[in-house]
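Just so you know, these numbers use all the heavy atoms, side chains as well, and skip hydrogens, waters and symmetry mates. Below, chains carry the letters A, B, ... as their sequence lines are ordered, and counting in each starts from 1.
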Amino acid sequence: MDFDEGNDYNERCTQCAAVSWKITDEGTYYCTSCLNVTERRKEVESVADFTPNTKIQAINRGLKKKRKLEKGWEWYVCEGFQYILHQQAEALLSLGVCPKLKDEVLHNFWKRYLQKSKQAYCRKPIYSNNNKSAVSDSQMSLSGLDSEPELLSIYSCHLSESEVESRSDISSKLIFPNIKTTQSETTSVCSGSIDGVEYLKQKEKGILKMTLPMTLAFCYMSLLWQRETITLSDLLRFVEDGHIPYINTYQNFPEEMKVYGRDIRIFSIESWPVYEDIYEKIIELGKFLDLPRFPDITENCFLHPNMLCMKYLMEANLPDEMHNLTCQVVKLTGIGEVDFLTFDPITEKTRMVKYDVQAVAVIVVVLKLLFLLNDNVEWSLSSLAQENNENNHEGKPCFDFRKWYQIMKKIIDEKQQQREEFKAKYLWKSEKPLYYSSADRSVVYKRRRMVMNLQKQFSTLVDSAPNSEKKNPTSFQLKWTKEEQNTTCFHGHSLQEILQKKGKSLTTLNSQYWLSTQKFCKSYCKHVTTYEESNFSMSYQFVLNLFSFLLRIKASLLHEEVSLIEKRLFYKKYETKSKASKSKKSKKILKR
Amino acid sequence: MCGGYNYSSSFGVDMDSFSEELMRPVEEDDQVEASVGSGPEIYLPWLSQHVQSTVSRGCKGTNFAQTTSICLNFIREALLKHQWQRASEFLQCYLQTLEDFNSQKRQVAPENIWKLGSEILYHHPKSNIETFSAFADRMKNIGVQNYLKISLQHALYLLHKGMVEDAYRNLNQAESWRYGEMSASQEKLIKLIQAYRGLLDYYTWSKKRTELSRFDTDGFATNAATQDMHSYFRQASVNLHEIIKIPGIWDPFVKSYVEMLEFYGDQDGARQVLNDYAYDNNFPSNPNAHIYLYKFLKKEKTPEDKLINVLKILHQIVPSHKIMLEFHTLLRKSEKKEHQKLGLEVIFAVLDFSGCTENITAWSYLAKYLKQIVKEKHIDWVQEAWSSRKDWWPTFHFSYYLAKKNWKENKILAVKKAFTSGILLGKGCKYFMYVCKQGRKVQEKSIKTMKRFVMKHNTLNSEEL
């Protein structure tokens, strides 16, 4: 057979829409990606070239039979997830994360997951329930995978980098039972994977099922283990901006890993990950994997509130001097302690600190301490600062809250508009359309073609230059430099005017404080407290919205975190249940 | 498919679409091989009972749904602001609704996209007839439900661009299109398409008629042309006749049909058509139907009684129509008391509407008629008509402000109104007094006579006040 002869036939394959044709010995075209054979013959120039070969004809017939069942490789759902995790890990590495993350940390977490969920690395994988003889014990011991990885094997286990990469390697490591062929044939009718249908039916207690959001839990846990400089909100932002594969990851599966039918429910998702959702999943996963205490988060770590506060102060264009105050708050509340910060999945009350949200909440508390944010004090303090700045042109200018508000409001409104447009223009559907059954297949592909044609038509009507260049991943969404026109960088501004000297210490000029929450919810509902926008001052709402926009979380989540910090800061107020709604005099003495 | 779905309700939407996906017959795509539909793949009744989603979607609406709804808002906004480029930018992304997993949403998507897209292409500076037609042809073939509707709108677009022949061809094509068994909605649309084709035939007919009238009436050439014209008449009349049988508002179709019938001397046929159009109770109420009938009958010199009967109905539907003034004169001339009384009510009713407040003819009719009625001692008619209006007409028509304004702008109107107000409200009325005062300055004779008349016939007011 001459393999270069299929090039002159350019139509799309009716089965898989690929254009990759080769010629069979019968002279008809067949698709190299799905082995679909067409009726169409290559026009043979001379009869002499055409030599029928009965043997190959027989093979062709065999292939034809196969294609009816829509078969690619035999693959399992967990392999699909493994592939996705692999892609995600690669993406993280390209963001500059330490390479150990993939081969040591994430890989081990994943192995541990497979073992705990009894899918591999154990004596009785769940799939063998039907057919116990399928996996012989000798086979298991031969592969040397039956021994439970020790608790700390994460450090000790070194695997070669290429291991996760090729699919053939995967199958050699993971021992899957041989499900009876008859069964696999019927299931493959409505899913591309072998166990897709069963996977959805499974409801075994105590087993954490793999889902797409769960892959992000894996990623974040690995990042946390490595103490990388990526917070959960950063991770989710990268996902949304397309730097980490998450939506339509299945389209990068090898051609032979067919995704359809029930697989759609497993591998296709039409929503971005939600912070709280992933957060919950991380805790669940940590517990399920029975992981040891994570490496300590100390003051030198990026995730320590002091560090994060610095980062967010910069991002929110607030004066550097505020860092002093945030550090005080962190110290007073004890949220900078190693034990508090380090994730320990096996302790009784498992919780993980929402590092980013917490840091931002500290900044909000400091803003409240300085400016009260009751729609009154902050403006009169601003007038003071403004007056001062007008009279005094030397030295550091005073921080003017009003000016800051005006600048931030403008930029956040712009960014919000941009984000809305980004959301509106987001294309969810992949090039590789999904279908539920092979009967649907051609309809779905036809529809896809239609959409592509229409898109092409309208693209000629759009402004010539498509300005949707992919943004580079960055940890700072807002950047403030002194050179930029029309904006002011407040980093170097001072807080002198709003701090008073009292002996050797400084107190805030504003001596009042109000608590964001009077009562904490103690029932089993998950929220700590409720956030009713209209109950709060405009400037407090603005500050919450600003930061929750940066972290892409709901304002109520930040409000809760602010309340929790306040609870720690003014615990006496809460203990004595002081009736005063405005807890007066939160005299914070600041040592300098 | 099977009796009870017992999956949790939160997945309801998704599941519906899924089972729908499974059960949907392959007919939607005409390219599907017949053999595919019969495989064992399709029938999986047990699925619905065991399905459970591991992915948390479909509960509160996905971000996909959010995207499309934000996108739609942006498109709407851009359309409102006539930002065609921006609108097409967003529409490009909105196209993904065609691939929505939710079958309900997916089914309405083509129509939405057609509406938005055709609007954009209609106005977009870079768009032309070719792009519009290419778009229309693509949209026609997505699903089957929109084929006819889009074909018709496509034809109307072509008509708008003056491409009558192309439009005609398009309609012809749509007419011959068949899909499966004809559903009721399809049947109606086909009729409509045929009717539009008939209208185009009428258009050609009418063109030929004017051409013909320019030539001499005899000769072989004219004879052939007449034949040709007649064939258009036949084509048109078949289709037009069909559509006007269906209840609906078919003004242009009826008009052109009647015009052709009249031309060929089929007065009875024309009358029948108009009668049916106006009086069939299945049809929605349509003032034009009565107006056409009235004009036709008037042209035929039908007895006034009949004309009055036609207009009576119109009076009930649109009491402010300008034909009502004609109706009023008809009634006034009538010898029946009943008609005369109605004449007063009709003219009063015309002036109830703000669009007619400065209609000088209406006011002079009213003034003149009031004078006549008062002379004929039918004060009770006036009282009856006035009783429902006495609460609001004084401020609506006879305020001091209006007196000043009317006097300034149109003295004749002011005098007519003043006279009416004098009769209805008495000499103390502000409007009347103002006009009288102004009239004294100019020494107008008509005002003096008016004043005298009002002073003399004050009976109405004395009873009322």
* B:Pro125, B:Ala65, B:Cys71, B:Ala134: which one forms the most heavy-atom pairs within less than 4.5 Å of chain A? -> B:Cys71
* To do: Using the side chain to side chain contact (heavy atoms under 4.5 Å, CB included) rule, take B:Thr62 and A:Ile269 through it: C-alpha gap first, then chi angles, then the decisive distance, then the call.
  => CA-CA 9 Å; B:Thr62 56; A:Ile269 194 161; over 6 Å; no
Identify which part of [X] has an atom lying under 4.5 Å from any heavy atom of chain A, answering side chain, backbone, both or neither.
X	result
B:Asn73	neither
B:Ile113	neither
B:Leu91	side chain

At their closest point, which heavy atom of [X] faces which heavy atom of [Y], and how far apart are they?
X	Y	result
A:Ala424	B:Cys93	O-CB, 4.0 Å
A:Arg447	B:Leu98	CD-O, 3.0 Å
A:Leu461	B:Ser127	CD2-N, 4.3 Å

* Take A:Tyr436 and B:Phe101, measure what side chain to side chain contact (heavy atoms under 4.5 Å, CB included) needs, and give me the verdict at the end. => CA-CA 10 Å; A:Tyr436 282 101; B:Phe101 279 129; 4.0 Å; yes
* Quick one: which of A:Arg448, A:Arg449, A:Lys432 gives a salt bridge (charged side-chain N to carboxylate O under 4.0 Å, His left out) with B:Glu99? -> A:Arg448
* Assess whether atom OH of B:Tyr203 is packed by more than 12 heavy atoms of other residues, nucleotides or ligands within 6.0 Å. => no
* side chain to side chain contact (heavy atoms under 4.5 Å, CB included) between B:Arg138 and A:Asn453, worked out -> CA-CA 9 Å; B:Arg138 281 203 178 115; A:Asn453 286 337; 3.5 Å; yes
* is_close_aromatic(B:Phe135, A:Phe458), centroid dist under 6.0 Å -> yes
* Is a donor on one side and an acceptor on the other found under 3.5 Å between the side chain of B:Asn63 and the backbone of A:Trp272? -> yes
* To do: Please answer whether the main-chain N or O of A:Tyr426 pairs with a side-chain N or O of B:Thr67 as donor and acceptor at a distance below 3.5 Å.
  => no
* **OG on A:Ser459 to CD on B:Glu89, rounded to 0.5 Å** => 11.0 Å
* Is A:Lys425 positioned over the aromatic face of B:Tyr94, cation under 6.0 angstrom from the ring centre and no more than 45 degrees off axis? -> no
* Show your working on side chain to side chain contact (heavy atoms under 4.5 Å, CB included) between A:Thr460 and B:Lys126 and close with a plain yes or no. => CA-CA 8 Å; A:Thr460 58; B:Lys126 275 192 212 161; over 6 Å; no
* Any residue of residues 153-170 of chain B which, by heavy atoms, sits under 4.5 Å from chain A -> none
* Between A:Gln457, A:Lys423, A:Glu420, which residue shows the highest count of heavy-atom pairs closer than 4.5 Å to chain B? -> A:Gln457
* Asked: Out of A:Lys429, A:Gln455, A:Met450, which one racks up the most heavy-atom pairs below 4.5 Å with chain B?
  -> A:Lys429
* **Student check: side-chain heavy atoms of A:Val451 and B:Gln96 closer than 4.5 Å** => no
